[in-house]
Amino acid sequence: LASALASRLSSRHPVSILPMARPMHEAALAEYGLPPETVDAYQSVKDAPQAELGGKSPREVYIEYGNRLRAEHGPDVIGDAWLKQAASIANHERGWLLVPDVRFQPEVNAAVRLAGRNNVMLVYVVRTGTSWEKDIGRFCEHDWSCTYINNGSLDDMGGRVERLLERAWQ
């Protein structure tokens, strides 16, 4: 969804995508001697065990690493790591930054610290018959939040979110 939305918005605004967990995923894989772009290569097989990860799946490695970081450094550590990368993008691009996969309140707080409370919108996307009810992200709160039901294509959803953003930040 983030890529589809970014392609729609980029004709009018500079758009960058930085998933909240990206810096953490890169660091987790670096412990196995793997370069940052490995995160992208694992996207389609994130639940499959990988020999170079000691037989663990990328998802297992990410979860273990994230849990260890939060236990050692506190609940803000993932958001703070993201904030460092995002700040360099925001200072350089001066456009919109799409942040997929925000799952914890400290991550929402990091986005607010970067952009300001009125420049952050939390959007939940679901399909009919699904919800965020049992997802860890359901506890995230922000003044500007909404849920969209997407039963169409990614392009349809991109158009709906684009119109929302245009109205919100005119």
Side-chain angles (χ1 to χ4, degrees), residues 1-7 15-90 96-115 120-142 145-155 157-158 161:
L1 176 61
S3 296
L5 183 56
S7 67
V15 178
S16 300
I17 301 171
L18 181 60
M20 183 60 69
R22 178 70 187 224
M24 187 268 297
H25 289 174
E26 290 175 358
L29 295 178
E31 288 192 344
Y32 290 85
L34 299 170
E37 58 273 11
T38 310
V39 172
D40 300 322
Y42 281 154
Q43 196 60 26
S44 63
V45 294
K46 62 184 165 192
D47 291 313
Q50 304 295 316
E52 61 271 25
L53 299 177
K56 296 178 183 177
S57 72
R59 185 183 306 274
E60 290 171 317
V61 168
Y62 301 152
I63 290 170
E64 288 175 6
Y65 185 81
N67 287 342
R68 189 176 79 229
L69 279 183
R70 283 187 286 277
E72 292 173 4
H73 303 286
D76 295 336
V77 68
I78 305 299
D80 289 348
W82 172 85
L83 188 58
K84 289 176 187 171
Q85 277 192 348
S88 67
I89 291 171
W96 290 0
L97 181 60
L98 302 181
V99 188
D101 298 327
V102 175
R103 304 306 270 288
F104 299 98
Q105 190 64 44
E107 297 169 355
V108 175
N109 299 344
V112 169
R113 285 196 311 273
L114 173 69
V120 172
M121 181 179 292
L122 188 59
V123 179
Y124 295 99
V125 179
V126 297
R127 288 198 175 268
T128 298
T130 67
S131 75
W132 283 83
E133 185 177 306
K134 295 182 180 178
D135 190 275
I136 57 177
R138 74 185 180 281
F139 296 113
C140 292
E141 295 181 359
H142 182 59
S145 64
C146 58
T147 298
Y148 271 106
I149 297 174
N150 180 34
N151 290 321
S153 69
L154 286 178
D155 194 52
M157 182 65 193
V161 173

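- In this structure, the side chains of Ile63 and Lys56 stay at 4.5 Å or more apart for every pair of heavy atoms.
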In sequence, state the C-alpha distance, the side-chain angles, and the governing distance for Leu29 and Tyr42, and then conclude on side chain to side chain contact (heavy atoms under 4.5 Å, CB included).
CA-CA 10 Å; Leu29 295 178; Tyr42 281 154; 3.9 Å; yes
Using distance only, find each side-chain donor-acceptor pair of residues 70-79 under 3.5 Å and give its atom names and separation, not counting sequence neighbours.
from	atom 1	to	atom 2	distance (Å)
Arg70	NH2	Asn67	OD1	3.2

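- With sequence neighbours excluded, the residues forming a side chain to side chain contact (heavy atoms under 4.5 Å, CB included) with Pro19 are Ile17, Arg22, Pro100, listed by chain and number.
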Show the numbers, then the answer: is there a side chain to side chain contact (heavy atoms under 4.5 Å, CB included) between Asn109 and Gln105?
CA-CA 6 Å; Asn109 299 344; Gln105 190 64 44; 3.1 Å; yes
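- Pro23 and Gln85 get closest at one heavy-atom pair: CG-OE1, 3.3 Å.
- Looking at every heavy atom in both residues, Leu18 comes nearest to Ala86 through CD2-N, 3.6 Å.
- A pairwise comparison of heavy atoms in Val39 and Tyr62 identifies CA-OH, 4.1 Å as the closest pair.
- Between Gly55 and Pro49, the shortest heavy-atom contact is O-CB, 3.1 Å.
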Can you list the steps and then say if Glu31 with Glu64 is a side chain to side chain contact (heavy atoms under 4.5 Å, CB included)?
CA-CA 12 Å; Glu31 288 192 344; Glu64 288 175 6; over 6 Å; no
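- In this structure, CG in Asp80 is found 10.5 Å from CD in Glu107, a value given to the nearest 0.5 Å.
- Here the shortest heavy-atom pairing between Tyr65 and Ala27 reads OH-CB, 3.2 Å.
- The structure places NE2 of His25 at 11.5 Å from CE of Met20, a figure rounded to the nearest 0.5 Å.
- Nearest heavy atoms, Ala28 versus Val61: CB-CG1, 4.0 Å.
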